[in-house]
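Presented below is the structure to which this report refers.
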Amino acid sequence: MSTAVEETHHDTHHDHKPYGIGRWLFTTNHKDIGSMYLWFSFIMFLTGGAMAMVIRAELFQPGLQLVDPHFFNQMTTVHGLIMVFGAVMPAFTGLANWMIPMMIGAPDMALPRMNNWSFWILPFAFVILLGSLFMEGGGPAFGWTFYAPLSTTYSSDSTALFVFAIHIMGISSIMGAINVIVTIMNMRAPGMNYMKMPLFVWTWFITAFLLIAVMPVLAGAVTMVLTDKYFGTSFFDAAGGGDPVMFQHIFWFFGHPEVYIMILPSFGIISAIIPAFTRKRLFGYASMVYATAAIALLSFLVWAHHMFTTGMPVFAELFFMYCTMLIAVPTGVKIFNWVATMWRGSMTFETPMLFALAFVILFTIGGFSGLMLAITPVDFQYHDTYFVVAHFHYVLVTGAIFSIMAASYYWLPKWTGHMYDTTLAKTHFWTSLISVNVLFFPMHFAGLAGMPRRIPDYATQFADINQIASIGGFAFGLSQLIFLWVAIKCVKGGEKAEAKPWEGAEGLEWTVPSPAPYHTFEKPPKVE
Amino acid sequence: MSDQRPDNSILVKRLLLTVAGMFAFGFALVPLYDVFCEVTGFNGRTSNEAAVYQEVEVDESRTVTVQFITRNAKGIPWKFEPSIKQVKIHPGEVKVVNFLASNPTSSNMVAQAIPSVAPAEASLYLNKVECFCFNQQPLAAGSDAEMPMQFYLDPDIPDHITTFTLSYTLYDMTANTSAEQMAQLLKTE
Ligand code: HEM
Ligand SMILES: [Cu+2]
């Protein structure tokens, strides 16, 4: 390993990079592109977050006070779209860009020019989507799931813009996924065989296949919505021989694998961080790989658990119920492995580890509420209530987003060459941890008591619960400004970080200096 | 590294092919879904074509209750209802139920009724010999019509289906009909 350090040291001496705006527009460097993805995702996170603040402000009290219902619907819709396609997915792609080449000992991504494209079309997609909010009749207001006929017969004139924005986002993530697959299959350093790859690489590898399989189906679904609305086709229009329920089948055929697209890379991140701060090897590496693959395969067989109340035959309801519950098995394997890794380890609690631990516990809560929703007869009561909202925010916010924060704190010293302000970072952790639970935990009770989701007003008995959730929401929103502050401060300066700032960390990325030189592993490292 | 270039292009081509294939698959789901629904009765659709009545033994030992529901889709002001709310029928027996429609507006209109059966499983055993839903229904301004639906149940209908509901939703098709088509439809009527 020491040879690698020397070689890359040598690189730093002629570490030319272009200057000015041109560097960012035309860059094909995986680190530059990774950074752009991460900043873009952060901006989207704050934008989507601002919309969530509008939602929580309106729901602070029963009755309609701040915004009109149509605008409220636009906020829930665009909040969901931005968080899914603008915050979580680009953040993972950013991490993939930064880390995968360094983790497998490759000099860059396999298709660097395509990499530039896949990032730079993304801002346009979101400008189009956000721009549609200012059109006459407003932007999309049919929920991120854009069920027909809400998105066809009853949608505003700007729906075409929504469709094109989704097309562009889809193309971007497909290009990103192709790049990841080609990089992993063709660019591994000699000796880096598949079963030696870090789990973050493995989970992304599988995620990339999921993306390639389902993003085109999403593109098909939005295209059908487009032609139904503007060109007189009847894919989803019963009057013309189509079927609105079919929309849901097509959408969720994409939609369920999509939720795993947003969690599998997290599993990889957590599998890197827990061993590092436990100073033990990951328990059950191979079972982690197989569990990830099993989850990915099963995710194609469970989509109709989102559709239990559409009147499916009992046999189908049972089939999808059991398949859904089956997914809990490989997921449980993962939780077990993380806990077993910690067992008798010498643990320390640096910020990345704190986020990782919170992930393990809170993601598990989200998994349990998922299991409750998977019970068909019970879902008849819970469906479309705040219980579902609580479920997916536990898996997505305290799951996916917490893992992204954990990853940021874990690799920030590598990216910037500086140690961040740890006191501030821990403040960010604790304020986020407390506020996120104040925000989402009460939603379980609101849902169990029957409060429907996506409604700007509610019966007065839900007033207290909503007030608590809103306060948690504002606090969580403000806490993220601390994150921004830590990140900017760390980019600008701070204590010099060593090549390997975490004692127990493993992997090729720690063999190069911090900050990672512009070009790394131009000569492939030796992997024992 | 240079020897890896050709590999990349082969792999990229394969992956792009997969993407194209999955895009096509998204659209292939549409006909696949139709076939699937037809075969399994999933989603409670009934056939759009008239069943030819086959001499079958009437099973007088069993009676099935068939309920009728009608509903107007948004924006169609017709009156539309079954002449009877429910009938009791032996499997194999043929019955006719009339549906009444009237167009209270001062313009000629065309509508299409879309059937659906719940529980969906029953749709597999419902055979319609004649139904107004097989065609679009024209109604001149202010006129009304009695629309027959003739059906029988397949004697194979499982014992546990003792009651099912046949619902019709009426959609306004006037905007999709040209003046000539309208005249034609009203004439044949
Ligand atoms: C053990 C694992 C899980 C199970 C059993 C499960 C089960 C379910 C079920 C049954 C629903 C439908 C609820 C309804 O609409 O009535 C649902 C909704 C949802 N789940 Fe999960 N889930 C699991 C994990 C996850 C993960 C890991 C994610 C994402 C990271 C996720 C994201 C979502 C989302 C976004 C929705 C709501 C979609 C919508 O209607 O807007 N779930 N889940
Ligand atoms: Cu799902």
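Every chain is numbered from 1 and lettered A, B, ... according to where its sequence line falls, protein lines coming before strand lines. What's counted below: heavy atoms across the whole structure, side chains too, no hydrogens, waters or symmetry copies.
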If you count every heavy atom of other residues, nucleotides or ligands that lies below 6.0 Å from [X] atom [atom1], does the total exceed 12?
| X | atom1 | result |
| --- | --- | --- |
| Trp144(A) | CH2 | yes |
| Tyr322(A) | OH | no |
| Asn98(B) | CG | yes |

Rounded to the nearest 0.5 Å, how far apart are [atom1] of [X] and [atom2] of [Y]?
| X | Y | atom1 | atom2 | answer |
| --- | --- | --- | --- | --- |
| Thr183(A) | Asn8(B) | OG1 | CG | 8.0 Å |
| Met22(B) | Phe253(A) | CE | CZ | 4.5 Å |
| Leu29(B) | Met246(A) | CG | CE | 8.5 Å |
| Leu15(B) | Ile181(A) | CG | CD1 | 5.0 Å |

Answer with side chain, backbone, both or neither: which region of [X] has an atom nearer than 4.5 Å to a non-hydrogen atom of chain B?
| X | result |
| --- | --- |
| Phe315(A) | neither |
| Thr153(A) | neither |
| Ile174(A) | side chain |
| Met114(A) | neither |
| Tyr154(A) | side chain |
| Ala106(A) | neither |

Side chains of Met224(A) and Val30(B) in contact at under 4.5 Å (non-hydrogen atoms):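 Answer yes - side chains close enough.
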Among Ile114(B), Thr18(B), Thr169(B), residue most engaged with chain A (heavy-atom pairs, under 4.5 Å):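 Looking at each option in turn, the highest pair count goes to Ile114(B).
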Taking every non-hydrogen atom, the tightest pair across Gly220(A) and Phe23(B):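 Looking at all heavy atoms of both residues, the closest pair is N-CE1, 3.5 Å.
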Segment of Glu121(B) engaging chain A (4.5 angstrom heavy-atom cut-off):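 No part of Glu121(B) comes within 4.5 Å of chain A.
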Geometric class of the Tyr33(B)/His249(A) ring pair [parallel <30°, tilted 30-60°, perpendicular >60°]: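 His249(A) and Tyr33(B): tilted rings.
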